[in-house]
2 protein chains.
Amino acid sequence: MAITVVGSVAYDSIETPAGRRERCLGGAATYFSLAASFFTKVRVIAVVGEDFGRRQEAVFQARGIDTRGIEHTAGKSFFWEGSYLDNLNEAKTHNTELNVFAAFEPKIPEAYRDSEFLFLANIDPVLQRRVREQMPDVKLVAGDTMNYWIKDHRAALLEVLKGLDVLLINEAETKMLAGNSNLVQAARAVMALGPRSLVVKHGEYGATLFHKSAPRGKGPEPRPFRAPALPLEEVIDPTGAGDSFAGGFFGYLASTAAAGELTPAAFRRAMFYGSVMGSFACERFGTERLQQLTRKEIDDRFAVFRELTHLD
Amino acid sequence: MAITVVGSVAYDSIETPAGRRERCLGGAATYFSLAASFFTKVRVIAVVGEDFGRRQEAVFQARGIDTRGIEHTAGKSFFWEGSYLDNLNEAKTHNTELNVFAAFEPKIPEAYRDSEFLFLANIDPVLQRRVREQMPDVKLVAGDTMNYWIKDHRAALLEVLKGLDVLLINEAETKMLAGNSNLVQAARAVMALGPRSLVVKHGEYGATLFHKSAPRGKGPEPRPFRAPALPLEEVIDPTGAGDSFAGGFFGYLASTAAAGELTPAAFRRAMFYGSVMGSFACERFGTERLQQLTRKEIDDRFAVFRELTHLD
């Protein structure tokens with residue numbers, strides 16, 4: 001089934017212990033859609049400026065991603081500058097320029113309307129909600145957010161959460177959103193805000209999937225599930241690892257939904273594919289590794305993840 | 001097969017967000033031997049003072065642990081006072097009194113001599129080495145250490161590491177010992193100092209097992225293996241969780257060694273049993289939970305850990 005994703009398509013300047021890159025192609029929707037494109041059809045909604053040209057467009061097209069929802073407008077594309085010199089697990093933001101995103105009015109192309117999966121990448125919750133409302137008939141909606149929206153735009157964010165099936169955020173964001181430092185208690189509090197399922201990303205320690213308790217008499221609550229991250233000998237650039245996780249996770253779910261039900265087993269495999277795509281994203285700067293990836297490499301790494309965690 | 005363990009038998013005063021306990025029975029050898037006793041025969045070598053009486057002895061005897069190697073001497077037992085008020089993952093030490101441990105000369109009872117497994121719990125590496133040298137014929141030797149010995153007693157510690165098959169330490173200690181902040185590179189550097197296998201404990205994120213590369217032509221290197229920790233709704237007291245992990249890990253290995261070879265699959269299951277015992281230790285203050293535990297509870301939780309991590 002096709003996924004429509006709304007989020008940033010951007011330029012990033014990144015510094016890590018492995019080096020520095022100026023203005024490489026980035027943005028949450030870019031990482032998400034590249035990762036998801038290995039599993040299913042992906043359609044992007046975003047806005048870019050005059051600095052986004054054929055070479056950038058070609059990155060999406062090489063992966064068969066539908067870019068008709070990327071609006072081109074006067075001005076400069078979203079720009080982010082950050083570094084990971086002290087801590088590979090947390091970016092230090094030096095500069096964020098919204099540019100053309102400041103006045104973004106998302107429009108859904110007619111050709112996207114039959115998408116059955118919707119991903120609301122990390123952008124202003126007001127924009128997330130507008131897109132959600134324009135696609136009322138989707139089968140499954142997942143989304144991401146960040147500390148900035150949790151702290152300073154809580155009311156708008158809470159409206160978005162009500163309409164989400166799956167929320168994917170990191171551990172610090174989970175605890176901040178819940179106001180609770182215990183992971184299990186925080187997860188329960190976040191799911192009480194809307195999402196039936198919650199994926200908490202732990203960076204180099206993997207991710208945990210929680211499900212909302214079934215109403216009384218509606219069967220047992222699925223237990224939490226923990227996917228590992230791959231111990232990497234060298235992390236070149238963690239930028240986009242979380243968005244790539246989301247792309248692998250949601251892309252796999254969309255691909256398996258076509259074949260049947262979204263079973264607990266499908267969610268568990270989706271967690272593994274998410275972690276697989278996140279591990280690849282870290283191996284090169286920006287989207288370089290995702291651009292060069294093959295489906296065989298993905299399946300081989302899935303097998304490595306299984307070996308890393310399974311008793312036999 | 002029987003395990004001999006040398007380490008501290010002590011009193012701990014502990015404060016956590018869940019409350020405070022004064023002078024409860026503790027010490028690395030205590031937690032280790034209680035946890036290991038569910039899997040195999042355990043024999044303790046330690047020293048205690050006049051404050052260690054029949055009630056404390058009974059805790060060991062109730063689990064069938066051989067205490068003939070616990071030397072009773074004039075003075076007070078080892079005492080530790082610490083708290084976890086800001087961070088459940090790291091104790092803040094307020095007071096350490098070596099007391100009778102300051103002049104400890106470990107002696108191995110004749111009845112312990114046929115032990116095939118030896119565990120060197122976290123004590124002065126000079127003492128660890130003396131015990132190791134008195135038991136040259138053991139089949140498998142594992143050990144623990146801590147930041148204090150790594151920083152200030154490195155030469156003595158390096159001598160101990162040469163004689164270890166398995167080292168169990170936490171992630172910060174691994175990186176400190178290696179002088180390398182990348183986990184995979186640090187693990188390799190630590191194993192170059194002696195141990196063929198390294199268990200790195202990540203606290204609430206579980207633990208990773210690394211194996212030394214086989215010499216060329218001697219077959220492939222087993223891949224790392226990651227055991228999860230159980231997401232706990234309430235951590236009452238993390239004291240002794242690492243020692244309980246070691247007890248479950250080494251106890252299971254000793255029990256399965258009797259049945260056959262120490263295969264990679266046995267090491268993987270040992271990692272799970274370690275994590276299971278660590279999770280129980282956190283559920284009550286001190287050794288309370290380990291004292292009340294049943295083998296059925298252990299096996300039930302093993303099944304929960306499998307469900308937490310396995311795809312099907």
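Letters A, B, ... mirror the listed sequences (proteins, then strands); counts begin at 1. Just so we're clear, the structure is a prediction, and the values are computed from it rather than from any experiment.
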Enquirer: State plainly whether the residues E297(B) and R301(B) are in salt-bridge range, i.e. N to O under 4.0 Å.
Expert: no
Enquirer: So which part of F302(A) gets closer than 4.5 Å to some heavy atom of chain B, the side chain, the backbone, both or neither?
Expert: side chain
Enquirer: Measure E307(A) against the heavy atoms of chain B and call it side chain, backbone, both or neither at under 4.5 Å.
Expert: both
Enquirer: Heavy-atom cut-off 4.5 Å, strictly under: side chain, backbone, both or neither for L232(A) against chain B?
Expert: backbone
Enquirer: Using heavy-atom distances under 4.5 Å, tell me whether F272(A) contacts chain B through its side chain, its backbone, both, or neither.
Expert: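 Just its side chain gets close to chain B.
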Enquirer: Indicate whether the side chain of N147(B) and that of E173(B) have a donor and an acceptor atom separated by less than 3.5 Å.
Expert: no
Enquirer: Checking T174(B) side chain against V200(B) main chain: does a donor-acceptor pair fall under 3.5 Å?
Expert: no
Enquirer: Would H202(B) and T208(B) count as having a side-chain donor-acceptor pair, cut-off 3.5 Å?
Expert: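 There is such a pair (donor and acceptor under 3.5 Å, judged by atom type) between the side chains of H202(B) and T208(B).
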Enquirer: Which atoms of N182(A) are under 4.5 Å from chain B, going by heavy atoms: the side chain, the backbone, both sets, or neither?
Expert: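 Just the side chain, heavy atoms under 4.5 Å.
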Enquirer: Centre-to-centre under 6.0 Å for F225(B) and H211(B), is that the case here?
Expert: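 Ring centres of H211(B) and F225(B) not closer than 6.0 Å.
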Enquirer: Under a 3.5 Å cutoff, is there a donor and acceptor pairing between the side chains of Y252(A) and T40(A)?
Expert: no
Enquirer: Heavy-atom distance under 4.5 Å to chain A: side chain of E233(B), backbone, both or neither?
Expert: both
Enquirer: Shorter than 4.5 Å, heavy atoms on both sides: which option in M271(A), R306(A), R268(A), R269(A) has the most such pairs with chain B?
Expert: R268(A)
Enquirer: If we define contacts as heavy-atom pairs under 4.5 Å, which of L230(B), L209(B), V184(B) has the most with chain A?
Expert: V184(B)
Enquirer: Among L311(B), V304(B), D312(B), which residue has the highest count of heavy-atom pairs closer than 4.5 Å to chain A?
Expert: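 Among the listed options, the one with the most contacts to chain A is L311(B).
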Enquirer: Any idea how Y273(B) and F39(B) line up, ring-wise: parallel (<30°), tilted (30 to 60°), or perpendicular (>60°)?
Expert: perpendicular
